[in-house]
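By convention here, the first residue in the shown sequence is residue 1.
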Amino acid sequence: MINILLVDDHQIVIDGLRGLLEDEAGIGTLYEAQNGKETILIAEKEEIDLILLDIRMPYGGGIMAFDKMKSMPNVRHIPVIFITAYPKAKVKEVVLEKGAAGFIAKPFDAKILIDTIEKALD
């Protein structure tokens, strides 16, 4: 079973992601965080297989959390897919160069999300 951490500062987005993923085969626990600080704490504490991470959030945005986790030996292996309403080409280029497993602009198609998750976990 795959454990996924859903990170967004808007609960409606987390609820939407949860709704899309709950019916997928192989999905285990869906954890939630609403800022970068919570993301790091949960990634350290739980057995997370994948993180779906927003970019713009309070208390440490997604890129800050990603950079911090990449420097932490116990969590740097976790693939991160950025999901954001901030789809500027430069941002996509930056996060992919930093090692993100994917980048999806909101609003997104459910099939693209599932395909990107499967690719990240292969």
Side-chain angles (χ1 to χ4, degrees):
M1 299 298 271
I2 298 164
N3 298 323
I4 299 177
L5 174 55
L6 310 173
V7 186
D8 199 290
D9 58 327
H10 294 98
Q11 188 63 44
I12 193 166
V13 174
I14 291 175
D15 292 344
L17 288 168
R18 179 177 291 284
L20 288 171
L21 296 173
E22 282 182 330
D23 295 331
E24 289 297 315
I27 301 292
T29 303
L30 296 171
Y31 296 91
E32 298 180 9
Q34 294 191 339
N35 60 59
K37 187 175 179 180
E38 288 178 359
T39 302
I40 294 166
L41 293 172
I42 293 169
E44 283 184 302
K45 181 181 171 189
E46 304 296 340
E47 290 188 33
I48 303 296
D49 299 301
L50 177 76
I51 300 173
L52 301 179
L53 183 60
D54 190 17
I55 288 181
R56 289 187 162 188
M57 300 176 293
Y59 309 110
I63 294 174
M64 181 281 308
F66 181 73
D67 287 344
K68 175 74 174 162
M69 288 185 294
K70 284 297 178 190
S71 71
M72 301 167 66
N74 57 330
V75 297
R76 69 172 156 223
H77 67 281
I78 302 171
V80 174
I81 298 171
F82 283 92
I83 299 180
T84 184
Y86 190 67
K88 298 199 182 233
K90 181 70 174 164
V91 173
K92 179 179 181 178
E93 181 181 310
V94 166
V95 299
L96 292 176
E97 284 178 3
K98 287 177 176 273
F103 182 95
I104 299 174
K106 295 176 195 171
F108 55 86
D109 179 270
K111 181 172 178 8
I112 291 172
L113 174 65
I114 300 303
D115 289 348
T116 305
I117 290 172
E118 288 174 354
K119 181 179 173 188
L121 293 171
D122 281 341

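Side chain of Lys70 to backbone of Arg76: a donor-acceptor contact under 3.5 angstrom is found. Side-chain atoms of Glu38 come within 3.5 Å of backbone atoms of Gln34 as a donor-acceptor pair (strictly under, hydrogens ignored). Checked by atom type and distance alone, the side chain of Asn3 never pairs as donor or acceptor with a backbone atom of Asp49 at under 3.5 Å.
Here Ile27 contributes atom CD1 and Glu22 contributes atom CD; the two are 10.0 Å apart, rounded to the nearest 0.5 Å. A distance of 6.0 Å separates CZ in Arg18 from CG in Leu6, rounded to the nearest 0.5 Å. A distance of 14.5 Å separates CG of Leu52 from OH of Tyr31, quoted to the nearest 0.5 Å. Summarising the geometry, atom CD1 belonging to Ile104 is positioned 4.5 Å from atom CG belonging to Leu113; distances are rounded to the nearest 0.5 Å.
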Q: Test side-chain contact (heavy atoms from CB on, under 4.5 Å) on Thr39 and Met69 and set out the steps.
A: CA-CA 9 Å; Thr39 302; Met69 288 185 294; 3.9 Å; yes
**Q.** Full working for side-chain contact (heavy atoms from CB on, under 4.5 Å) between Val7 and Ile83
**A.** CA-CA 9 Å; Val7 186; Ile83 299 180; over 6 Å; no
Q: Could you please spell out the steps behind the side-chain contact (heavy atoms from CB on, under 4.5 Å) verdict for Ile2 and Ile117?
A: CA-CA 11 Å; Ile2 298 164; Ile117 290 172; 5.9 Å; no
Q: Go through Asp8 and Lys106 one step at a time and tell me if the side-chain contact (heavy atoms from CB on, under 4.5 Å) criterion holds.
A: CA-CA 12 Å; Asp8 199 290; Lys106 295 176 195 171; 2.5 Å; yes
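Shown here for Ile42 and Ala33, the closest heavy-atom pair between the two residues is CD1-CB, 3.9 Å. In terms of heavy atoms, Val75 sits closest to Ala43 at CG1-O, 3.3 Å. Minimum heavy-atom separation, Phe82 to Ile63: CE2-N, 4.0 Å. Pairing each heavy atom of Asp9 with each of Arg56, the nearest pair is OD1-O, 3.4 Å. Pairing each heavy atom of Ala120 with each of Pro79, the nearest pair is O-CG, 3.9 Å.
Hydrophobic clustering places Ile81 together with Val13 (ILVMFWY residues linked when any side-chain heavy atoms are closer than 4.5 Å, directly or through intermediates). Hydrophobic clustering keeps Met1 apart from Leu21 (ILVMFWY residues linked when any side-chain heavy atoms are closer than 4.5 Å, directly or through intermediates). Residues Ile48 and Met57 are members of one and the same hydrophobic cluster, defined by side-chain heavy-atom contacts under 4.5 angstrom among Ile, Leu, Val, Met, Phe, Trp and Tyr. Under the 4.5 Å side-chain heavy-atom criterion for Ile, Leu, Val, Met, Phe, Trp and Tyr, Leu30 and Ile51 are members of distinct hydrophobic clusters. Residues Leu50 and Ile14 are members of one and the same hydrophobic cluster, defined by side-chain heavy-atom contacts under 4.5 angstrom among Ile, Leu, Val, Met, Phe, Trp and Tyr.
Under the salt bridge (Lys or Arg N to Asp or Glu O under 4.0 Å) criterion, Glu97 pairs with no residue at all, not counting sequence neighbours.
You'll find the side chain of Thr29 stays beyond 4.5 Å of the side chain of Glu46, heavy atoms only.
The number of heavy-atom neighbours closer than 6.0 Å to CD of Glu47, taken from other residues, nucleotides and ligands shown, is 12 or below.
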